[in-house]
Number of protein chains: 2
Amino acid sequence: MENQQVGSIHFQIDFSQPLYEQILDQFRSSIAKGEIDLGDKIPSVRELAQALKINPNTVMRAYQELERDGLTEKRRGQGTFVTASKEQVDHFRHQLAGKYIESFILQMENLGYSWSDIKTYMDKKHLGN
Amino acid sequence: MENQQVGSIHFQIDFSQPLYEQILDQFRSSIAKGEIDLGDKIPSVRELAQALKINPNTVMRAYQELERDGLTEKRRGQGTFVTASKEQVDHFRHQLAGKYIESFILQMENLGYSWSDIKTYMDKKHLGN
DNA sequence: CTAAGTGTATTATATCACTTAATACACTTG
DNA sequence: CAAGTGTATTAAGTGATATAATACACTTAG
């Protein structure tokens, strides 16, 4: 149940998921939503580890995955930076959204809901939005 | 990569998820979709364990969760049976579907998609359905 | 050049979820 | 009574996760 502000980023850490996944997801979200600007530097491995009171290796694991996502670039001796390419971020958003949708539809179909069921169901669920 | 037919139920087992979760999900789906009739007996713990070549304790874990879902009832000395109540099955479907939708929407919002974004996105994704 | 701060790599250890194994008990039915 | 149910217990093994300590290569500020 940690609750930390590091630079411009707010971290919510608990024990419901692996730590490195939570860090990864919160960076993904912050970058995707533009809460961190393109090209910005993100906290160093040691700095974030110290702030969140976790091991540097755990932060490293999240940062490596971020780079594989194409969301960050690392410069040895300088730090880790958000990609300057809006296209890369958009590609990531589009790709992950596709996976989310596929797996959501599969879940619903496993419960016996057809595609049209899903649409009407979701309309009811979010009338006000 | 197991692929087994046990009674009227077909099982797909791999190592991508815990075994007990896969068994659980496949029973949930079979019952929700009506592929197993209300009141039917499902395989005994030992029988399913033997057929899938896994430990009885692992099957037990899945069966206990099924009962907590309200989808099955156990009769000591007789076996495990699908609930005879259509209402219970419908309640389970409705409840789980709600959780799926909530978590799906949260995922999409974390990627920066608004509710209207999601709807148009999903329409494109499934034009033919 | 030096010191401090970067990312990176390695080795060891600890914990927890998951799974298996072996065994035993209580209950029901033929 | 025998065979088949669900259930409980104890022990052990494995892999993912996380920590700890340490070291190396690189970059920049001073």
Side-chain angles (χ1 to χ4, degrees), chain A residues 1-2 4 6-7 9 11-27 36 39-84, chain B residues 1-2 4 6-7 9 11-27 31 36 39-83:
Chain A
M1 309 236 290
E2 286 295 324
Q4 284 278 348
V6 183
I9 313 148
F11 288 91
Q12 288 275 5
I13 307 291
D14 56 37
F15 290 93
S16 63
Q17 282 182 338
L19 298 178
Y20 80 92
E21 272 189 21
Q22 298 183 51
I23 297 170
L24 176 61
D25 285 341
Q26 290 178 36
F27 271 111
I36 312 180
D40 271 11
K41 184 176 183 300
I42 65 175
S44 78
V45 170
R46 289 174 180 80
E47 182 186 354
L48 186 55
Q50 193 170 7
L52 301 182
K53 296 169 193 154
I54 63 179
N55 196 279
N57 292 331
T58 306
V59 177
M60 259 296 289
R61 187 162 177 184
Y63 277 23
Q64 285 175 334
E65 190 72 26
L66 272 180
E67 190 170 35
R68 273 196 268 150
D69 289 338
L71 293 180
T72 60
E73 292 164 6
K74 292 167 182 167
R75 304 179 200 151
R76 218 184 180 106
Q78 303 184 43
T80 303
F81 299 78
V82 177
T83 178
Chain B
M1 310 237 288
E2 286 294 324
Q4 284 278 346
V6 184
I9 314 147
F11 287 92
Q12 288 276 5
I13 307 291
D14 55 38
F15 292 92
S16 64
Q17 281 182 338
L19 297 179
Y20 81 91
E21 272 188 21
Q22 298 183 51
I23 297 170
L24 177 60
D25 285 341
Q26 289 178 37
F27 271 111
I31 296 173
I36 312 180
D40 272 12
K41 185 178 183 300
I42 66 175
S44 78
V45 170
R46 289 175 181 79
E47 183 186 355
L48 186 56
Q50 194 169 7
L52 300 182
K53 296 170 193 150
I54 64 178
N55 196 278
N57 292 331
T58 305
V59 177
M60 260 295 289
R61 187 161 178 184
Y63 277 24
Q64 285 175 333
E65 190 71 27
L66 272 180
E67 190 170 35
R68 274 198 266 150
D69 289 338
L71 293 180
T72 60
E73 293 164 5
K74 292 168 184 166
R75 304 179 199 152
R76 215 183 181 107
Q78 303 183 44
T80 303
F81 299 78
V82 177
T83 179

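Residue numbering restarts at 1 for every chain, and letters A, B, ... go by the order of the sequence lines. Atom set for the values below is all heavy atoms of this structure, side chains included, hydrogens, waters and symmetry mates excluded. Small disclaimer: the values here were computed from a predicted structure and weren't measured.
Regarding A:Phe81, its CZ atom lies at a distance of 11 Å from the C1' atom of D:dT28, rounded to whole Å. Here D:dA16 presents its P atom at 15 Å from CD of B:Gln17, a figure rounded to the nearest Å. Between the CD atom of A:Gln50 and the P atom of D:dT19 there is a distance of 14 Å, rounded to whole Å. The distance from atom NZ of A:Lys41 to atom P of D:dT28 is 12 Å, rounded to the nearest whole Å. A:Ile54 has its CD1 atom 14 Å from the P atom of D:dT17, to the nearest Å. Nucleotide D:dT19 holds its C1' atom 12 Å from the CZ atom of A:Phe15, rounded to whole Å. Rounding to whole angstrom units, CE of residue B:Met60 and P of D:dT9 are separated by 11 Å.
Put simply, the side chain of B:Gln4 never gets that close to the backbone of B:Gln12: no donor and acceptor are under 3.5 Å apart. Between the side chain of B:Glu73 and the backbone N or O of B:Thr80 there is no donor-acceptor pair closer than 3.5 Å. Here the side chain of A:Glu65 pairs no donor or acceptor atom with the backbone of A:Leu24 at under 3.5 angstrom. The backbone N or O of B:Leu71 sits nowhere less than 3.5 Å from a side-chain atom of B:Asp69 that would complete a donor-acceptor pair.
Among the heavy atoms of the strands lying under 4.0 Å from A:Arg61 are primed sugar atoms or P, OP1, OP2 only; no base atom is included.
Taking 4.5 Å as the limit, every side-chain heavy atom of B:Leu52 sits out of range of all side-chain heavy atoms of B:Thr58. For the pair A:Val59/A:Arg46, no side-chain contact is recorded, criterion being any heavy-atom separation below 4.5 Å from C-beta on.
Residue A:Thr58 places at least one side-chain N or O under 4.0 Å from the OP1 or OP2 atom of D:dT19.
For D:dA20, the base has a donor-acceptor partner in the side chain of A:Asn55 [N/O atoms by modelled type, under 3.5 angstrom].
Each of A:Thr80 and A:Asn57 lies near DNA chain C, and the nucleotide nearest A:Thr80 is the one positioned closer to the 5' end. Between A:Gln78 and A:Pro56, the residue anchored closer to the 5' end of DNA chain D is A:Pro56, taking for each the nucleotide with the nearest heavy atom.
Taking a heavy-atom distance under 4.0 Å as the criterion, the stretch of DNA chain C touched by chain B extends 5' to 3' from C:dC18 to C:dT29.
Of the candidate nucleotides D:dT9, D:dT17, D:dT19, D:dT17 has the atom nearest to the side chain of A:Tyr20.
Not less than 6.0 angstrom separates the ring centroid of B:Tyr20 from the ring centroid of B:Tyr63.
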